[in-house]
Amino acid sequence: MTETAHMDASLPRKSPSKAATVFRVTSGNFLEMFDFFLFGFYATHLAAAFFPVHDPFASLMLTFGTFGAGFLMRPLGAIILGAYVDKIGRRKGLILTLAIMSCGTILVAFVPGYATIGLLAPLLVLIGRLLQGFSAGVELGGVSVYLSEMATPGHKGFYVSFQSASQQVAIIVAAALGFALTGASPSSSAA
Amino acid sequence: MIVPFIFVIRTSLQETEEFLARKHRPDASEIFRSMLANWPLVLAGMMLVVMTTVSFYLITVYTPTFGRAVLKLSAADSLIVTFCIGVSNFFWLPVMGALSDRVGRWPLLAGFSLLALVTGYPTLSWLVAEPTFGRMLLVELWLSFLYASYNGAMVVALTEVMPVNVRTSGFSLAYSLATALFGGFTPAACTWLIEATGDKAAPGLWLGFAALCGLLATAALYLRRDGRSLVNAV
């Protein structure tokens with residue numbers, strides 16, 4: 001404990017602009033992770049809305065496929081978008097990553113259900129999920145590298161740790177939101 | 001929707017001075033070739049991330065499921081546990097990141113992967129022997145301490161071991177491969193291990209395996225002379 005207190009006292013005295021920059025760069029990271037957790041929380045709900053319910057097996061396979069495809073896109077995004085970030089620059093790369101992520105999120109959020117537009121619904125959700133995976137592949141790396149390059153000398157570890165720390169905020173908010181929702185309707189504890 | 005808001009925030013970012021100061025900007029094919037040439041580094045980096053991604057999925061995905069299935073915890077109770085984990089992680093990550101600035105990356109990487117290797121299975125056995133809400137919270141906080149302490153040093157270490165011209169792509173490839181191959185499979189691996197051994201604490205073995213990966217990768221990256229040995233070798 002004494003060691004912790006000693007360490008806190010010696011943390012870098014950040015100028016406001018550094019702290020603000022850390023906040024600005026990790027805010028997008030928060031969004032990516034928050035979206036990822038929400039998808040997990042509402043997966044069964046999404047599956048019922050977007051995949052043909054008359055065939056449980058096909059519905060399940062499509063859901064798993066959509067999940068898996070999102071994960072498989074990550075290494076691809078890591079190489080292609082990573083090369084873009086290393087060539088064009090950190091700033092433009094992070095903006096492009098967020099743009100792709102937003103397209104994916106908007107697709108998943110606003111596509112009408114299977115009942116309305118048929119097969120197009122699961123197809124669009126799959127494309128949205130692929131875009132999310134593609135951008136997620138480079139988001140963590142892009143943010144980590146940005147933080148390490150803007151850190152004051154000798155404090156890289158402290159700065160870069162806010163990449164993972166911002167994800168914890170996403171978990172905290174998602175859990176609090178879930179708690180508020182289940183608290184509001186006790187009957188839905190199965191969710 | 002907060003998307004446009006975050007978009008505006010990110011657009012306001014400035015390019016890092018370190019990137020601006022670099023004269024040589026590699027093109028895509030150069031980056032791909034460099035990644036191929038640096039494959040031992042990407043592999044070691046991936047193993048470094050395995051420990052992070054497995055322990056993260058274990059505490060955020062698997063254990064809450066265990067709480068619901070075995071402890072019959074309500075959704076609200078598991079959300080409380082998840083909330084506490086988030087707070088605990090948020091506290092330890094910057095503290096350990098700052099500590100790694102003082103003592104170096106490898107003591108934390110080696111120390112906490114060793115600690116996870118040794119304590120992972122016993123702590124889960126302790127929970128399974130008498131599953132209560134209190135024990136589950138304690139085990140979760142302990143695992144969160146291990147995860148956050150390791151990860152506080154790991155992420156920055158990964159940015160440092162990658163050659164500068166492929167820093168983002170190398171980091172991202174190592175990270176996403178570990179997530180796709182190991183992290184994503186953690187729930188499945190845990191379920192399978194429990195099924196195969198009949199031991200509900202068996203996910204501790206999976207954590208042990210991940211910790212071993214982290215320990216081996218730390219040794220490969222840092223043991224020879226100084227932290228840059230593997231980087232210079234290729």
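All figures in this text were calculated on a predicted structure; none of them were measured in a lab. Any value given below was found using the heavy atoms of this structure, including those in side chains, with hydrogens, waters and symmetry copies removed. Lettering of chains follows the sequences in order, A, B, ..., and the numbering in each one begins at 1.
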Minimum-distance pair of heavy atoms, taken over all atoms of A:Q168 and B:F56: NE2-CE1, 3.9 Å

Nearest atoms (heavy-atom pairs only) where B:V155 meets A:Q163: CG1-NE2, 3.4 Å

Neighbour count >12 (heavy atoms, 6.0 Å) for atom CZ, A:F23: no

What side-chain donor-acceptor pairs closer than 3.5 Å can you find for residues 174-184 of chain B, not counting sequence neighbours?
{"residue": "B:S176", "atom": "OG", "partner": "B:S172", "partner atom": "O", "Å": "2.7"}
{"residue": "B:S176", "atom": "OG", "partner": "B:L173", "partner atom": "O", "Å": "3.4"}
{"residue": "B:T179", "atom": "OG1", "partner": "B:Y175", "partner atom": "O", "Å": "2.7"}

A:D86 side chain vs B:T168 backbone, donor-acceptor pair below 3.5 Å: yes

Gap between atom CZ of B:R167 and atom OG of A:S148 - 0.5 Å precision: 5.0 Å

Residue part contacting chain B, namely of A:A151, when any heavy atom lies under 4.5 Å: neither

Minimal non-hydrogen separation, A:S164 against B:N151, with atom names: OG-ND2, 3.1 Å

Under 3.5 Å donor-acceptor, B:D101 side chain and A:F158 backbone: yes

Criterion side-chain contact (heavy atoms from CB on, under 4.5 Å) on B:R105 and A:K156, from CA distance to verdict: CA-CA 11 Å; B:R105 319 292 179 214; A:K156 268 190 187 181; 3.8 Å; yes

Exam field: side chain A:R91 to backbone B:L13, donor-acceptor pair closer than 3.5 Å: yes

Interatomic spacing from CZ in A:R24 to CD in B:Q14 - rounded to 0.5 Å: 7.0 Å

Proximity breakdown for A:I88 and chain B, heavy-atom pairs closer than 4.5 Å: backbone

Heavy-atom pairs under 4.5 Å with chain B, option from A:G82, A:G157, A:A78 with the top count: A:G157

Exercise: identify the closest heavy-atom pair between A:A165 and B:F90: O-CD1, 3.3 Å

Option from B:L158, B:T159, B:V156 for which side chain to side chain contact (heavy atoms under 4.5 Å, CB included) with A:S144 holds: B:T159

Option that, when pairs with chain B are counted at under 4.5 Å, heavy atom only, ranks first among A:L81, A:V160, A:L147: A:V160

Chain A contacts, top residue of B:F171, B:F19, B:F83 (heavy-atom pairs, under 4.5 Å): B:F19

Worked check of side-chain contact (heavy atoms from CB on, under 4.5 Å) between A:M150 and B:E17: CA-CA 7 Å; A:M150 55 85 57; B:E17 280 169 23; over 6 Å; no

Contacts of B:F209 that satisfy ring pair (Phe, Tyr, Trp, His ring centres under 6.0 Å) - sequence neighbours left out: B:W206

Contact origin within B:L93 toward chain A - heavy atom pairs under 4.5 Å: both

Segment of B:N165 engaging chain A (4.5 angstrom heavy-atom cut-off): backbone

Any side-chain heavy-atom pair of A:R90 and B:E18 under 4.5 Å: no

Side-chain heavy-atom pair B:I85, A:I171 within 4.5 angstrom cut-off: no

Lys/Arg-Asp/Glu bridge criterion (N-O < 4.0 Å) met for A:K92, B:E15: no

Exercise: identify the closest heavy-atom pair between A:S161 and B:G97: CB-CA, 4.3 Å

Option in B:C84, B:A148, B:G86, B:S88 with maximal non-hydrogen atom pairs under 4.5 Å from chain A: B:G86

